[in-house]
Q: 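Just passing along the structure, written as structure tokens.
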Amino acid sequence: MFRKVLIANRGEIALRVIRACRELGIETVAVYSEADRESLHVRFADDDVCIGPPPSRLSYLRIPAIIAAAEITGADAIHPGYGFLAESAEFAEACVESNIAFVGPTPEQIRLMGDKAAARKLAVELGVPVIPGSEGTVEDPTDALKIAGEIGFPVIIKATAGGGGKGMRVASDEEGFEQSFQLARNESLAAFGSAEVYIERFLERPRHVEFQVMGDRSGNVVQLGERDCSVQRRHQKLIEEAPSPGLSADRRAEMGDAAVSLAKKIGYVGAGTVEFLLEENGDFYFMEMNTRIQVEHPVTEMVTNYDLVKEQIRTAAGEPVSLAGGDCLRGHAIECRVNAEDPARNFQPSPGTITAFHAPGGPGVRVDTHIYQGCVIPPYYDSLIAKLIVLGRDRDEALAKMSQALDSFIIEGVTTTIPFLREVIHHPEFAAGCVDTKFLERHQNLAGAAV
Ligand code: MV4
């Protein structure tokens, strides 16, 4: 097992990883930017190193500074958390080259799954359903238009280096296609340095359903059920739940098997997520694989009673997966992401000082947060300030718990999305489990929000 783990992250996930390390008897190293000097992750870690000024490209994204911090403090492993360098093959490689274990998959696995067209091809080889689309990438606009016509409109043009919604364009008919195609290519080139795109049929109202997987170095892979993450705004998830209200037991088993076969095929090590789109009629399609621990992992922890971060660390240290997969789930979990944002102002970030703070509690209520009364939410990073997760015996109990917990969550000094979340969970469509990726677009006026 590792002796000392450096956490290359900040905020709630840094605290989450520190907690797991302490339980495993592993020492911890925090890195922080000048904006995060007073942060709890710095206070709770055994060692801490300032790695630069506030902007993340000068601190949390600076690979040499992070590797140096690990070397100076004698860390033998680095946990990347989510975001920042979590899916950087280059960073994972830099760790390996410096003889520091990367808590996550191999650089090759990160690189492969970062290439969305390659991942799609892998799914096809395994007989995992993918959305009808181009065979690989398309360069020539005339070829592209012909392929789009064969697929049938509407189509979506996706950057192969993309994911999470960047570099995507929908074309509803032949007329607008060429412009959308060029826009997607230009946007992709600007954002990722690669203009490669592929084309799929566009599904109008799918659910976003993702499966948690965990693999080890001996080739074992288990799946730990799914999360429904359909409630999103501009590719930011706001609410996640497990199990997915839209999934039959048979379909769940099929999707779980598909997720495991993909992860097994590449010898996947650690925590990963296989994303699918699920249609109303039960058809499902592989979308992409995320090679990190995700923000919404606590939803799965609640229904499995497992600690995914501890398991991630154990498997990175070469231990076998210790979790039983599949049908070990109980109850229904829901997570609300609380952001320091103003829904009435187009979800504009609302940084500032927290003047009052009280977290909800009680059975089946979990709050993952790094904020405290008097702390400052800096403007430089994403605006997630807390995750509120509840576990009920069934979905109705989980909803009642979430409602109660949101009502008793006090955060003052910054504007938060709590009133907005409260309206969403009370919305009749959400309450009925009728969620899809267009949910928030259909309901623009929740809590005065401009979605
Ligand atoms: C799609 C789609 C419809 N049809 N692909 C968005 C992020 C990336 N993971 C894939 N995304 C989508 N791909 C086809 N062929 C709709 C989306 C999509 C979406 C997916 C999941 C959750 C929210 C979404 C919001 C808008 C679009």
Side-chain angles (χ1 to χ4, degrees), residues 82-83 87 113-121 123-124 128-138 144 147-148 150-173 177 180-181 184 187-188 191-192 196-211 226-241 244-247 255 259 262 272-281 283-292 294-296 299 335 337 347 424 430 434-444 451:
Y82 54 69
E87 289 177 285
M113 288 305 171
D115 179 340
K116 307 301 165 190
R120 190 173 185 279
K121 212 165 138 198
V124 172
V128 171
V130 298
I131 300 169
S134 60
E135 219 172 283
T137 57
V138 193
I147 292 167
E150 286 162 10
I151 295 168
F153 287 94
V155 297
I156 183 166
I157 304 140
K158 294 183 175 179
T160 186
K166 264 180 263 157
M168 294 189 342
R169 274 283 186 292
V170 177
S172 44
D173 50 40
F177 179 81
S180 298
F181 184 74
E187 201 176 293
S188 174
F192 313 111
E196 294 208 322
V197 297
Y198 60 106
I199 306 170
E200 283 178 351
R201 190 178 161 73
F202 179 67
L203 308 182
E204 305 273 3
R205 278 179 58 164
R207 286 174 190 262
H208 170 128
V209 175
E210 57 183 34
F211 276 72
E226 81 283 4
R227 298 181 286 258
D228 192 313
C229 308
S230 298
V231 180
Q232 310 200 357
R233 178 188 169 271
R234 303 198 176 157
H235 305 293
Q236 285 284 356
K237 295 167 186 164
L238 298 179
I239 302 179
E240 305 95 351
E241 61 180 303
S244 168
L247 203 54
M255 293 174 80
L262 271 158
T273 302
V274 182
E275 281 185 24
F276 298 94
L277 293 185
L278 175 65
E279 287 199 293
E280 184 89 47
N281 67 4
D283 288 351
F284 68 88
Y285 306 96
F286 168 73
M287 294 291 297
E288 52 192 70
M289 180 170 187
N290 302 316
T291 55
R292 59 172 189 275
Q294 291 195 265
V295 176
E296 59 271 24
V299 165
E335 170 176 280
R337 298 191 189 187
F347 291 84
V424 175
F430 183 85
C434 294
V435 284
D436 60 69
T437 52
K438 291 285 167 69
F439 177 85
L440 289 181
E441 273 178 52
R442 278 201 301 283
H443 308 292
Q444 300 265 332
V451 174

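Keep in mind that this is a model prediction, so the values were computed, not measured. Just so you know, ligand 1 is whichever comes first in the structure, and atom 1 is the first atom listed for that ligand.
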Q: Please lay out, stage by stage, how Glu210 and Thr273 fare under the test side-chain hydrogen bond (donor to acceptor under 3.5 Å, both in side chains).
A: CA-CA 6 Å; Glu210 57 183 34; Thr273 302; 4.9 Å; no

Q: So is there a nitrogen or oxygen of His208 less than 3.5 Å from a nitrogen or oxygen in ligand 1?
A: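 In fact, backbone or side chain, His208 has no N or O that close.
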
Q: Can a non-hydrogen atom of Lys438 be found less than 4.0 Å from any atom of ligand 1?
A: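 No, Lys438 has no heavy atoms under 4.0 Å from ligand 1.
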
Q: State whether Lys237 and Glu296 are salt-bridged, where the test is any N-O pair (Lys NZ or Arg NE/NH1/NH2 against Asp/Glu carboxylate O) under 4.0 Å.
A: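 Answer for the salt bridge query: yes.
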
Q: Between the main-chain N or O of Gly152 and the side-chain N or O of Arg201, is there a donor-acceptor pair closer than 3.5 Å?
A: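 Answer holds: yes.
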
Q: Counting heavy atoms only, which of His235, Glu200, Met287 is nearest atom 25 (C) of ligand 1?
A: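 Result: the heavy atom closest to atom 25 (C) of ligand 1 is in His235.
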
Q: Working note: Ser230 + Asp436, criterion side-chain hydrogen bond (donor to acceptor under 3.5 Å, both in side chains); need CA distance, chi angles, decisive distance, verdict.
A: CA-CA 5 Å; Ser230 298; Asp436 60 69; over 6 Å; no

Q: Looking only at distance, does Gln232 have an N or O less than 3.5 Å from an N or O of ligand 1?
A: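 No, since none of the N or O atoms of Gln232 sits under 3.5 Å from an N or O of ligand 1.
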
Q: Any salt bridge linking Glu240 with Arg337? Criterion: basic side-chain nitrogen under 4.0 Å from a carboxylate oxygen.
A: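 Answer for the salt bridge query: yes.
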
Q: Using a strict 4.0 Å cut-off to heavy atoms of Ile156, name the atoms of ligand 1 that fall inside it.
A: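 So the answer, numbered in order with elements, is 1 (C), 5 (N), 14 (C), 15 (N).
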
Q: Looking at non-hydrogen atoms alone, which of Thr437, Ile151, Leu440 comes nearest to atom 19 (C) of ligand 1?
A: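 Answer by nearest heavy atom: Thr437.
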
Q: Suppose I only count heavy atoms of Lys158 and a 4.0 Å limit; which atoms of ligand 1 are within that range?
A: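 Numbered from 1, ligand 1 contributes 1 (C), 5 (N), 10 (C), 13 (N), 14 (C).
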
Q: Does Leu203 reach ligand 1 with a nitrogen or oxygen that is under 3.5 Å from one of the ligand's nitrogen or oxygen atoms?
A: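 Yes: some nitrogen or oxygen of Leu203 is under 3.5 Å from one in ligand 1.
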
Q: Going from CD on Glu196 to OG1 on Thr137, what distance comes out if it is rounded to the nearest 0.5 angstrom?
A: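 If I round to the nearest 0.5 Å, the distance is 4.0 Å.
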
Q: Flag Arg201 as yes when one of its N or O atoms lies below 3.5 Å from any N or O atom of ligand 1, and as no otherwise.
A: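 Yes: some nitrogen or oxygen of Arg201 is under 3.5 Å from one in ligand 1.
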
Q: Which of the numbered atoms in ligand 1 are under 4.0 angstrom from any heavy atom belonging to Ile131?
A: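 Taking each heavy atom of Ile131 in turn, ligand 1 has 14 (C), 15 (N) under 4.0 Å.
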
Q: Which atoms of ligand 1 have any heavy atom of Glu275 under 4.0 Å away?
A: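 Result: 9 (N).
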
Q: What atoms in ligand 1 come closer than 4.0 Å to a heavy atom of Glu288?
A: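 It comes down to these atoms of ligand 1: 8 (C), 9 (N).
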
Q: I'd like to know whether ligand 1 has Met168 as a neighbour, heavy-atom separation below 4.0 Å.
A: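 Yes, Met168 has heavy atoms under 4.0 Å from ligand 1.
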
Q: Verify the neighbour count for atom CD of Glu150: are there more than 12 heavy atoms of other residues, nucleotides or ligands below 6.0 Å?
A: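 Count over threshold, so yes.
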
Q: Hey, is Glu87 close enough to Arg292 for a salt bridge, meaning N to O under 4.0 Å?
A: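 Yes.
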
Q: With a 3.5 Å distance limit and no angle check, can you tell me whether Arg120 reaches the backbone of Ile131 through a side-chain donor-acceptor pair?
A: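 Indeed, once roles are kept as given, a pair shorter than 3.5 Å links the two residues.
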
